[in-house]
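Working notes, structure below.
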Amino acid sequence: MKKWVIYTLASAMLLGLPLVSQADPEGDRKAFQDYFKNRFPNTPFEDFINGVYAIDPESREQWEAIEEFPPYEIAIEEGEQLFNKKFANGKSVGSCFPNGGNGIADQYPFFDTKRGEVVTLAVAVNECLTANGEKPMKYKKGPLASVLAYMAFTTRGKKVDEKIPKDPRALEAYESGKQFFYARRGQLNMSCAHCHVDNSGNKIRADLLSPALGHVTHFPVYRSKWGELGTLHRRFGGCNEQVRAKAFEAQGPEYRNLEYFMTYMSNGLTWNGPGSRK
Amino acid sequence: MWKSVKRLSTVAGAAMLISGSILALPHVVFADDVEDGKKVAEDRKKGNCFGCHDYVGAEMAGNIGPKLENMKARYPDKGALRDRIWDETKFNPNTIMPPFGKYKILSEDEIDKIVEFIYSL
């Protein structure tokens, strides 16, 4: 094992927050949101769904021009076709969800008390495929990202309302996501919070750092750097690699719990995916 | 001469690793070290200091950390400056600045050169 991996583990353990006993997600959420309201007094709460464009009037103008002919439009169409495509057994993706799968992305992620784990929309779509004898899709980009884009699109305007059911395992999932968010990682020894809380609004070289509040609302995202659509977990992986940490597996337990925590922190905002970013 | 200076700094580096602090050794400075230091400081895969710090001559610097300036006046003891680069978490446990020495992001020699470079600012 490399030296710095050991250091990272050691510092993550030092940071280790007490599990469950003192958990107070509602208190966390309020403190989290108040922090950003104070840090960016000119940004209306609702606007935090727009990432760095919520805090930077200059790049916002360009972005608004791009959004008039959104680069993710083709992906939404492709996603709609895949969403409606008949499986060999005659069913389709919508058959696995309430309301035919329309406008239901806001129900995800959720803590499934029967399974004892966080279930994301990406996982639910793939499980729908395998349950119907179809092949699952890759989690970071491509066809699944397009299906998620379409499902996010039909959900636009709904409120983020993440819940933590009365089940100690749900609190544990929340706490492990929270720890992930605040733990130093990688040879560069940085946490998500270092960049997207403490230094949100500051520049790392030429890049303005976005506030973590609202991070989850607009995924999947068409990123000009990627030249295509990518999922939230693709982004998590990219940000882990920036600090020379190994990315975790997309839709593995670590990133699912992280998504759960980050979604809870964004409660009260509006779902607005898919989005476009630099 | 060159060799022995190198040797000296390697020994100092080893001593520092063991004791965890810097011995303020007299250091011979070469103009080359300042140049080399700038290169290592601005290499994205090495120091990438301008990712976070502005300084005179930095292009498109970030603004996460304080401007690097007046280093000589602010750090009469060069070793104290080196300590900050080696492991800033010792001075501020919550800092975002990577512990360049402690986590071996830079070699001891590269850190020496960066010290020479920013000492010239």
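Throughout, a chain's letter reflects where its sequence line sits, starting with A, and its residues are numbered from 1. Every heavy atom of this structure was used, including side-chain atoms; hydrogens, water molecules and symmetry mates were not.
- Contacts of D54(B) with chain A are absent, with no heavy-atom separation under 4.5 Å from either backbone or side chain.
- With a 6.0 Å cutoff to the six-membered ring centre and a 45° limit on the axis angle, R169(A) does not count as a cation-pi contact of F111(A).
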**Study point:** Test log, rule side-chain hydrogen bond (donor to acceptor under 3.5 Å, both in side chains), inputs H218(A) and R277(A)
**Key:** CA-CA 10 Å; H218(A) 57 281; R277(A) 293 289 184 272; 3.3 Å; yes
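- Using a distance-only test at 3.5 Å, with no hydrogens or angles considered, a donor-acceptor pair links the side chain of R39(A) to the main chain of D198(A).
- Using a 4.5 Å cut-off between heavy atoms, D207(A) does not touch chain B at all.
- When A58(B), C52(B), P99(B), G65(B) are compared by the number of non-hydrogen pairs under 4.5 Å with chain A, P99(B) comes out ahead.
- Note that R205(A) lies in the cation-pi zone of F50(B), set by a 6.0 Å cut-off to the ring centre and a 45° limit from the axis.
- In this structure, chain B has a heavy atom under 4.5 Å from the side chain of L209(A), while its backbone stays farther away.
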